[in-house]
Amino acid sequence: MLELSLPFLSLTCCHYCQKRTLLTASSESYLWAVTIITSRAFISQAILPTLPKFSLLFPVIDLLDHSPTARAQWDFTVRDSFSLKLSQPFRFGAELFNNYGPKHNGELLYGYGFAIPNNPVEQIHLKVRFGEAAQWELAQFNKPGVLPFDLDPQLCEEPFDNDLLFRPKGSPLGRYRNRVPCLAACPPQYVLSNYQAALRQRVIRAEAVQDPSFPGTRITLATIKPFYAFIQRRLAELSQSRSAVSSPQNKKQRFASIYRDGQLKVVRSLHDELSAHLNSVRTSDASPKRGILTTTEALKTLKQFSPEHYENFKTGVRAGWPNFDVEEDIEALAATAEEFLVWALLLVVMHAVAS
Amino acid sequence: MPPPPHQLHGQAAHAEPGTHNAASNPAYSDSNPRIRQLVDWFTGAGGWLHPDVRIVQDEAGGFHVIACSDSDTDGYQLVAKGHIRSTLSYLNLDHTQDAVPNVTSPLQRLLGKIPNHILTYLFLVEQRILGDKSPWEHYIACLPVQETMTTPLFFSEEDAAYMKGTPVYNSLSAQKTALFEEWEKARSFMVKAGLSDEAVYQACDL
C-alpha cells in the first residue's frame with residue numbers, strides 16, 4: 001500500500017487501483033466535516049416535515065454570510081426547494097447577506113467561525129445541569145402564592161434549559177420578567193434555583209413566605225448573591241485574560257478577542273448593575289433606613305458603641321480559633337474564609353446582648 | 001427517482017464563456033472556472049440564482065455572493081432557490097426514500113447503527129475523498145479547507161488564549177476530546193460493518 005501525505009487528509013491508497021479509503025482518513029478530516037455541517041447545514045423540518053429532524057447541506061444557498069441586520073426570509077416547499085428572499089437594495093459589488101438569527105458571539109464563533117464587534121444580542125452563557133430531581137423540586141415553586149419575584153409562570157413550566165443566557169440592560173431580546181431589576185438579567189430557572197437554596201439555608205418553607213413577589217431584603221439578597229459571585233468571577237477571568245495577551249496576530253485571534261471583549265463588556269454592565277443595587281440597600285449614616293451592612297461595619301459599630309463587648313468577642317473568637325485575629329483582619333474580613341463564622345457568632349452575641 | 005445532480009449538469013457543464021449559458025447564468029465569474037462549474041451544477045439540479053447576483057472568490061479563497069447591479073426593491077425578492085436534489089446528508093444513503101437522490105456507498109451499512117448526524121459527517125468525508133467521482137464534486141471544491149477554518153476546533157493554544165475566561169474556551173478541550181472519541185467509535189462501527197478497504201474500492205467504481 002502506498003502512503004500519501006496530503007495537507008489536510010492522511011490517506012492510504014491501494015497501488016493497484018489508486019483508490020482512497022475512508023477508513024484511514026484522519027481525525028482532522030472528521031473535524032472538517034463536523035465544522036462544515038455545523039456551520040453551513042440547515043434543519044430538515046421545514047422541507048421534510050415527516051422525517052425526524054436532521055441537518056442537510058444546501059449548496060450555494062449556504063454561501064451567503066451572516067449579518068444580524070440582514071432582512072432575510074426562508075421559504076421552503078416541502079420535498080422540493082428552499083427559497084432565500086432578501087429585503088435589501090442591490091448595490092453593485094456589495095455583498096448580500098443571509099440572517100442566521102439572533103446569535104450571541106459564542107454561538108457565532110463556535111458554530112460559524114466568526115464574531116461580530118458590538119454584537120447587539122451578546123449574552124453571557126452558562127451551562128448548568130438541572131437533574132430530574134432538581135427540576136421536580138423547582139417545579140413545586142411554580143404555583144400562585146409561591147412563585148417569587150413575579151417570575152413568568154409559563155417560562156418556569158417549560159423544560160429546564162441547561163444552557164442559561166444572561167442578558168444586559170437594553171438587550172433587544174428583552175429581559176426576563178422579574179420584580180427585582182438586576183435579577184431580570186437571569187433566566188427564571190436560575191433565579192428559582194437560587195431562591196430555593198436561600199430558603200433552604202434559612203429553613204423557611206416556600207408557603208411560609210408572606211409576599212413571594214417581594215420576599216424581603218434578606219432572601220432577595222441571598223438569591224442575588226450567587227449571581228453576583230458568578231459575575232465577579234467572570235469579570236476577574238476575562239479582565240485577566242485580556243491583559244495577558246498582545247494584539248491579535250491572525251484572524252482566529254482577532255475573532256477570539258472580539259468574542260472575549262464582547263463578553264467583558266456585558267459582564268461589566270451586569271456587574272455595575274448589581275453593584276448599584278447592593279449599594280442602594282446598604283445602610284449608611286446619612287440614611288436612617290434599614291439596610292445591609294458588612295461584617296466589618298458591624299464589628300466596627302460594636303467596637304464604637306460597646307468596646308467591652310467587642311473585646312470579649314475578640315477574645316472569645318481567638319479562644320476557639322487561635323490562628324484568626326478579628327482585629328488584624330477586620331478590614332479584609334470579606335476576603336477571609338472565616339467571615340461567615342464571625343458573622344454568625346456576632347449575631348448570637350448581639351442577640352444575647354439585646355436580650 | 002431523479003438522478004443525482006452530477007449527471008444532470010451534463011448539458012450545462014461544457015458551456016464556453018460568451019455562450020448562451022454564460023449570458024443566462026451571470027451568477028458566475030467567467031474567469032473562475034470553479035465558480036462556473038458550481039453554478040452550472042446547481043442550476044442543472046433545478047436551482048436558480050437572481051440574474052443580478054454573482055458568486056465571487058476573495059483573496060483568502062472564501063466564496064461570497066454579491067450584487068452585480070444597482071436596484072432597489074419593495075419588500076422581499078427571491079435571490080436564490082436551491083432544489084432538494086442538490087442537498088447532501090445521510091438521507092442520500094437511505095434507498096427506502098425518494099425525497100433526495102440515492103447514492104450507493106458502503107456507508108449504507110451503517111444506517112440505523114450510528115446516529116444520523118454522525119453518518120452525515122462520514123458521508124461528507126467520503127464524498128470529499130471521492131473527488132471527481134462524487135456528485136457533489138463542484139460544491140465540495142468550493143468548501144473551505146481546514147487551513148482557512150476559524151472555528152475554535154481549529155485554534156492553536158496560542159489562538160485560544162485570546163478567549164480565555166469565556167465559555168467557549170472553557171469547553172473547548174472537552175469538545176475536542178469528545179469529537180475525537182466520536183470519530184474513533186465511528187471507525188470501529190465501520191470496521192464492524194465490514195467496510196474493508198476492498199469493499200470501499202469496489203464502491204468507488206462509479
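Naming: A, B, ... by sequence-line order, numbering from 1 per chain. Here the structure is a predicted model, which means the values were calculated and not measured.
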Between [X] and chain A, with a heavy-atom cut-off of 4.5 Å, which part of the residue counts as in contact: side chain, backbone, both or neither?
X: His83(B); answer: both
X: Asn116(B); answer: neither
X: Phe123(B); answer: neither
X: Tyr139(B); answer: side chain
X: Phe180(B); answer: side chain
X: Leu107(B); answer: side chain
X: Glu158(B); answer: both

**Message:** For the aromatic rings, using the six-membered ring if either is Trp, is the centroid distance between Phe90(A) and His50(B) under 6.0 Å?
**Reply:** yes
Under a 4.5 Å heavy-atom cutoff, which of [options] has the most pairs with chain B?
options: Arg91(A), Arg40(A), Glu237(A), Arg260(A); answer: Arg91(A)
options: Ala236(A), Gly106(A), Gly93(A), Ser55(A); answer: Gly93(A)
options: Leu86(A), Val267(A), Leu64(A); answer: Leu86(A)
options: Arg234(A), Arg242(A), Lys251(A); answer: Arg234(A)
options: Ala72(A), Ser87(A), Ser241(A), Pro89(A); answer: Ser87(A)
options: Asp62(A), Asp75(A), Ile124(A); answer: Asp62(A)

Could you tell me if the side chain of [Y] sits less than 4.5 Å from the side chain of [X], heavy atoms only?
X: Val34(A); Y: Leu179(B); value: yes
X: Leu48(A); Y: Leu91(B); value: yes
X: Leu109(A); Y: Phe155(B); value: yes
X: Arg71(A); Y: Tyr76(B); value: yes
X: Val168(B); Y: Tyr259(A); value: yes
X: Ile118(B); Y: Tyr30(A); value: yes
X: His64(B); Y: Asp65(A); value: yes
X: Val60(A); Y: Ile55(B); value: yes

Chain B contact via [X] - side chain, backbone, both or neither, heavy atoms under 4.5 Å:
X: Glu107(A); value: neither
X: Thr38(A); value: side chain
X: Asn98(A); value: neither
X: Tyr110(A); value: both
X: Tyr112(A); value: backbone
X: Glu95(A); value: both
X: Ser247(A); value: backbone
X: Phe255(A); value: side chain
X: Asp80(A); value: both
X: Leu264(A); value: neither

Mark yes or no for whether [X], through its side chain, and [Y], through its backbone, hold a donor-acceptor pair below 3.5 Å.
X: Lys252(A); Y: Ala160(B); value: no
X: Thr150(B); Y: Gly113(A); value: yes
X: Trp32(A); Y: Pro144(B); value: yes
X: Asp159(B); Y: Gln253(A); value: no

Quick one: pull up [atom1] in [X] and [atom2] in [Y] and give me the separation to the nearest 0.5 Å.
X: Leu88(B); Y: Phe58(A); atom1: CG; atom2: CZ; result: 11.5 Å
X: Thr151(B); Y: Leu108(A); atom1: OG1; atom2: CG; result: 12.5 Å
X: Ser89(B); Y: Phe42(A); atom1: OG; atom2: CZ; result: 13.5 Å
X: Leu31(A); Y: Leu153(B); atom1: CG; atom2: CG; result: 5.5 Å
X: Ser156(B); Y: Asn250(A); atom1: OG; atom2: CG; result: 7.0 Å
X: Ile36(A); Y: Thr120(B); atom1: CD1; atom2: OG1; result: 13.5 Å

If you count heavy-atom pairs under 4.5 Å with chain A, which of [options] comes out on top?
options: Trp48(B), Phe63(B), Phe154(B); result: Phe154(B)
options: Gly62(B), Gly165(B), Pro167(B); result: Pro167(B)
options: Glu182(B), Gln175(B), Lys81(B), His117(B); result: Lys81(B)

Nearest heavy-atom pair of [X] and [Y]: which atoms, and what distance?
X: Leu84(A); Y: Leu78(B); result: O-CD1, 3.7 Å
X: Glu28(A); Y: Gln146(B); result: O-NE2, 3.2 Å
X: Phe42(B); Y: Pro59(A); result: CE1-O, 3.5 Å
X: Val125(B); Y: Ser29(A); result: CG2-O, 3.6 Å
X: Tyr121(B); Y: Ala33(A); result: O-CB, 3.5 Å
X: Ala80(B); Y: Ile61(A); result: CB-CD1, 3.7 Å

Are more than 12 heavy atoms, taken from residues, nucleotides or ligands other than [X], located less than 6.0 Å from that residue's [atom1] atom?
X: Lys103(A); atom1: NZ; result: yes
X: Glu184(B); atom1: CD; result: yes
X: Lys176(B); atom1: NZ; result: yes

**Item:** Pair Asp98(B) + Arg79(A), salt bridge at N-O below 4.0 Å
**Value:** yes
**Message:** Under 3.5 Å, is there a donor on one side chain and an acceptor on the other for Tyr162(B) and Asp261(A)?
**Reply:** no
